[in-house]
Amino acid sequence: MPMPHRTFAQVAKRRLIGKEGRERIRAVRELLEELPDYRNGPYADLRKWLTSEIEETRIRSSAVHRDSIAVRREGAAQIALVGPPNAGKSSLLQALSNIQIKTGAYAFTTTRPVPALTRVGGVLVQLVEIPGLIEGASAGRGGARPLLGVLRGADAILFCHDASAPLDQLRAVMDEVTEAGIERPAVLAATKSDEADGAALRAAFPELQVIEVSVLDDASVERLRETIWELTGLMRVYLRDGEHPIALHPPATVLDVADAIHHDLGGRCTGARVRGPSARFDGQQVGRAHVLQDGDTVEILD
Ligand SMILES: Nc1nc2c(ncn2[C@@H]2O[C@H](COP(=O)(O)OP(=O)(O)OP(=O)(O)O)[C@@H](O)[C@H]2O)c(=O)[nH]1
Ligand SMILES: [Mg+2]
């Protein structure tokens with residue numbers, strides 16, 4: 001005597017609650033095996049429903065998959081490298097960090113966002129290459145909508161463009177970013193500057209800071225690194241000589257630093273001894289509300 005079809009439907013729904021992907025498909029298959037094999041009537045309808053559940057679960061899983069190109073944030077800031085295909089983004093990422101990444105003299109060498117953690121201004125910052133955004137991205141063309149999602153998570157944008165290439169592709173990329181409603185501090189890298197200077201880019205985008213860079217010229221890469229640091233908008237505070245600084249969003253006080261080190265220390269902190277740009281003299285004793293400046297060295301007092 002099979003279970004009444006209404007009861008079966010309830011049991012089935014209950015068993016599927018909270019299950020997704022492979023787990024849900026397995027549960028559906030088990031239910032299908034338990035289901036009486038009638039060709040017509042309510043049991044046949046249940047079979048049709050369960051079979052469609054398998055297909056829908058598959059579609060949902062692949063959609064989740066497509067969105068999961070999201071990049072896990074690391075470091076004090078995330079900077080997106082954005083530009084037309086073949087602009088030299090991967091080459092820059094490689095020159096600025098230690099990662100090995102495929103570069104190529106053709107478009108769309110990179111197809112997924114590639115993160116690389118590197119030190120800029122002594123602070124760990126995450127650079128992310130966004131694969132060549134093309135026209136229509138904000139409308140979802142070229143599967144670029146998830147890429148714009150990644151871009152939305154970034155703190156700032158380093159636009160990259162081959163200094164000798166025509167400007168329309170770069171304009172198209174910038175338009176896509178604007179159309180997607182993404183506004184971030186930005187700088188424009190005129191890449192491959194061993195072949196052409198950035199004059200054309202400077203003339204075309206007077207509102208943007210343009211920095212020339214060639215991966216064949218180490219000094220230019222280091223200048224770019226310094227520019228990226230400025231782009232983060234962060235400030236550095238040193239706790240000890242010879243150690244890496246901590247990064248904070250200005251304005252930052254002594255209390256902010258103590259809190260950043262450890263929440264308990266924030267509670268106990270009474271002030272600090274400060275050396276550097278915000279101190280009137282080396283070792284000046286200040287209160288916890290004292291506003292620090294980039295490059296200060298701080299000894300928290302508790
Ligand atoms: N002369 C010169 N060539 C460069 C420089 N940087 C990159 N290239 C060349 O430009 C081509 C594209 O470089 P990629 O770094 O792959 O460019 P991309 O922007 O990552 O390209 P996609 O991922 O395909 O969008 C390669 O052939 C590189 O060797 C540079 O500073 N100078
Ligand atoms: Mg690339």
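Just follow the structure's listing: the first ligand is 1, and inside any ligand the first atom is 1. Position 1 is the first residue of the sequence, and the numbers go up from there. In what follows, every heavy atom counts, from backbone to side chain, and hydrogens, waters and symmetry copies are set aside.
Salt-bridge check for Arg202 with Glu212: passed, with a basic side-chain N closer than 4.0 Å to an acidic carboxylate O. For the pair Arg15 and Glu34, the salt-bridge criterion is met [side-chain N within less than 4.0 Å of a carboxylate O].
At a 3.5 angstrom cut-off on N or O pairs, Ser193 does not count as close to ligand 1. For Leu216, no nitrogen or oxygen atom sits less than 3.5 Å from a nitrogen or oxygen atom of ligand 1, counting backbone and side chain alike. Every N/O-N/O distance between Val213 and ligand 1 stays at or above 3.5 Å.
Set against the non-hydrogen atoms of Pro85, the atoms of ligand 1 under 4.0 Å away are 25 (O). For ligand 1, the atoms lying closer than 4.0 Å to a non-hydrogen atom of Ser214 are 31 (O). The atoms of ligand 1 that sit less than 4.0 Å from any heavy atom of Glu129 are 20 (O), 23 (O).
The Mg ion (ligand 2) lies at 2.8 Å or more from every N, O or S atom belonging to Ser91.
The shortest heavy-atom distance from Asn86 to ligand 1 is under 4.0 Å. The closest approach between Ala87 and ligand 1 falls below 4.0 Å for a heavy atom of the residue.
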**OP:** Please assess Glu222 against Arg225 for the test salt bridge (charged side-chain N to carboxylate O under 4.0 Å, His left out), listing each intermediate value before the final yes or no.
**Re:** CA-CA 5 Å; Glu222 289 319 302; Arg225 196 189 296 279; 2.9 Å; yes

